[in-house]
There are 2 protein chains.
Amino acid sequence: MDQAVIADEEFTPRQQAVLDCALQLLVGGGEKGLTTAGLARAANCSKESIYKWFGDRDGLLAAMIAHQASKVRAGADNAHAMDGEQFRAYLTDFAHDLLDVLAGDVSLALNRLAIGQASRSESRLGRLMVERGRRRIEARAMALLEAGKRRGYIRYEDREATYHTFYGLIVRDLHVRMLLGEAGARRPEQFAAMADEAVGQFFALFGTETE
Amino acid sequence: MDQAVIADEEFTPRQQAVLDCALQLLVGGGEKGLTTAGLARAANCSKESIYKWFGDRDGLLAAMIAHQASKVRAGADNAHAMDGEQFRAYLTDFAHDLLDVLAGDVSLALNRLAIGQASRSESRLGRLMVERGRRRIEARAMALLEAGKRRGYIRYEDREATYHTFYGLIVRDLHVRMLLGEAGARRPEQFAAMADEAVGQFFALFGTETE
DNA sequence: TGCGAAGAGTACCGAACGGTACGGTACAGC
DNA sequence: GCTGTACCGTACCGTTCGGTACTCTTCGCA
């Protein structure tokens, strides 16, 4: 809006290396751990190059978000003829992947960064975060739900609302608690069980088999 | 832990006024909008007094959280003989109150602050935030669930898990989206409908009336 | 009336950070 | 060999902010 929006165009390998280094610094020390001087030192590049490539600090942060989002690949949408068991397995996979993504170090650090800056400037980073990171996995879920409905495994009226309910059943308050740094909230070994339970509840609400 | 933990003891009225002013600054400008000099100017007090009262900046932030938490009053737990309709109404009230609290300006600002600082220092503020703000409303919900179970309106095994599911049905991904500054996420006029729907889904999962 | 505590207002210090400028170096193309 | 380009490393600048010190006023109290 106020500036040329960072497009999907790839950065040079050198720039990507710098961005990865920046992400690492951000994960390690939070927003205060990511300074231009520190990044230049850690990435063996000059501050001048950083400013030449990304404009200013906000441009760097936006580039980091775009770069990280470009690395997340949406799971292939194998919507071939699936039976009910496969559909349930796909939903469970999605739930598990969602929990894994949200609990990732880089994801948490970037979300913390975007949230910390959300108060002012109408949150340009927050918008980027939602559009780049969220839409992708959301689209995967939407396609999955649509396929399940078409085959009669589930029924619903509003697809968006249904997805949001599914999301709530999976994530609950885990995301915010992880963002707050609550150590007990990150238990990846329980993600499988949590995904199973969420899918079970989702079928209880929207399934067509029993009831 | 590392310092004398701020207890519930009340601050002096003068100090509370300063804390309220600090909260206002935080709401208005985010973390960067809250500086000691700015607070001193806005609250007509001296920086030296701020440091004398609260120690350092972290102490001020912790005091702000404690102060704000002390203002949130948990709804009276009217667990008298209630019928199913009343129980459902209580749950709906809880859901609506929860959405209102999470969407509040001060709550969002404090959560953003705590999340922004959660990366380092093992998130002392985050812990404070969870313990002070969350436990209270959580306790109210727990008591409500317990009463509903005792009277046979709902059934469940794990009370904590049941509460978390209820929370997920109510909040979905709204909280994080509001924290990210997504304008479309704050629609207080829809909170009533959302609370209704969440309670309906909750009963579909845990209710005993119509299987 | 004198005294001491509390606190406002201000000046100040040191450190950190964003951003810029400059010198030095490797390399590609001619 | 000459020149332009890209880039590293570093020094530098202006600003901001956390935190401290000092003065002056107010007010309670004996």
Side-chain angles (χ1 to χ4, degrees), chain A residues 2-3 6 9-26 28-65 109 112-113 116-117 119-121 124-125, chain B residues 2-4 6 9-26 28-65 109 112-114 116-117 119-121 124-125:
Chain A
D2 40 6
Q3 193 178 345
I6 305 283
E9 98 275 293
E10 297 297 338
F11 302 100
T12 71
R14 179 72 179 120
Q15 290 167 359
Q16 292 186 27
V18 172
L19 289 176
D20 279 325
C21 199
L23 287 173
Q24 207 170 332
L25 284 177
L26 187 69
E31 175 168 11
K32 304 206 54 165
L34 176 65
T35 66
T36 49
L39 175 58
R41 202 178 323 117
N44 283 331
C45 73
S46 72
K47 289 174 63 176
E48 197 168 11
S49 299
I50 295 175
Y51 285 107
K52 173 178 293 188
W53 294 334
F54 309 112
D56 57 2
R57 191 168 192 269
D58 270 11
L60 172 65
L61 300 180
M64 290 167 61
I65 292 179
R112 289 198 185 107
L113 176 68
Q117 301 226 329
S119 44
R120 67 181 177 288
S121 78
R124 172 166 169 245
L125 289 186
Chain B
D2 40 6
Q3 193 179 348
I6 304 283
E9 98 275 296
E10 296 298 338
F11 301 99
T12 70
R14 177 74 179 120
Q15 290 167 359
Q16 292 187 27
V18 173
L19 289 176
D20 279 325
C21 199
L23 286 173
Q24 208 171 331
L25 285 177
L26 187 71
E31 174 168 13
K32 304 204 56 166
L34 177 65
T35 66
T36 49
L39 176 58
R41 200 178 325 115
N44 283 330
C45 71
S46 70
K47 289 174 63 176
E48 199 168 9
S49 299
I50 294 175
Y51 285 106
K52 172 178 294 189
W53 292 334
F54 308 113
D56 57 2
R57 192 170 191 268
D58 270 11
L60 171 66
L61 300 180
M64 288 167 62
I65 292 180
R112 289 196 184 109
L113 177 68
Q117 300 226 329
S119 44
R120 66 181 178 289
S121 79
R124 174 169 167 243
L125 289 186

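Chain naming here is simple, since letters A, B, ... match the order of the sequence lines and numbering starts at 1 in each. Values below: every heavy atom of this structure, side chains too, minus hydrogens, waters and symmetry copies.
Look at Thr36(B) and you won't find any side-chain N or O under 4.0 angstrom from OP1 or OP2 of dG19(D). Between Arg14(A) and dC8(D), a side-chain N or O to OP1/OP2 separation shorter than 4.0 Å is present. Close to dC7(D), at under 4.0 Å from its OP1 or OP2, lies a side-chain N or O of Trp53(A).
Atom CG of Leu19(B) is separated from atom CZ of Arg14(B) by 10.5 Å, given to the nearest 0.5 angstrom. Atom OG of Ser46(B) and atom NZ of Lys52(B) lie 8.0 Å apart (nearest 0.5 Å).
The nearest whole Å value for the distance from the OH atom in Tyr51(A) to the P atom in dT20(C) is 7 Å. Atom CG of Leu39(B) is separated from atom P of dA8(C) by 11 Å (rounded to the nearest Å). Rounded to a whole Å, the CZ atom of Phe11(A) is 18 Å from the C1' atom of dC7(D). In this structure, the CZ atom of Phe54(B) is 11 Å from the P atom of dG7(C), given to the nearest Å. The nearest whole Å value for the distance from the CG atom in Asn44(B) to the C1' atom in dT25(D) is 15 Å. Summarising the geometry, the separation between NZ on Lys52(A) and C1' on dC7(D) is reported as 7 Å, rounded to the nearest angstrom. One can place CD1 of Ile50(B) at 14 Å from C1' of dT20(D), the figure rounded to the nearest angstrom. Nucleotide dG19(D) holds its C1' atom 13 Å from the CG atom of Leu60(B), rounded to whole Å.
Considering Ile65(B), Leu34(B), Leu61(B) in turn, Leu61(B) is the only one that fulfils the side-chain contact (heavy atoms from CB on, under 4.5 Å) rule with Leu113(B).
With a 6.0 Å radius and a threshold of 12 heavy atoms from other residues, nucleotides or ligands, Gln24(B) has its CD atom at or below the threshold.
A donor and an acceptor atom sit less than 3.5 Å apart, one in the side chain of Lys47(B) and one in the base of dG19(D).
Of all nucleotides listed (dG18(C), dC8(D), dA8(C)), dA8(C) comes nearest to the side chain of Ser46(B).
Across the interface with DNA chain D, nearest-nucleotide mapping of Glu48(B) and Arg57(B) shows Arg57(B) to be the residue nearer the 5′ end.
A donor-acceptor pair under 3.5 Å links the side-chain atoms of Gln16(A) to the main chain of Phe11(A), judged by distance alone.
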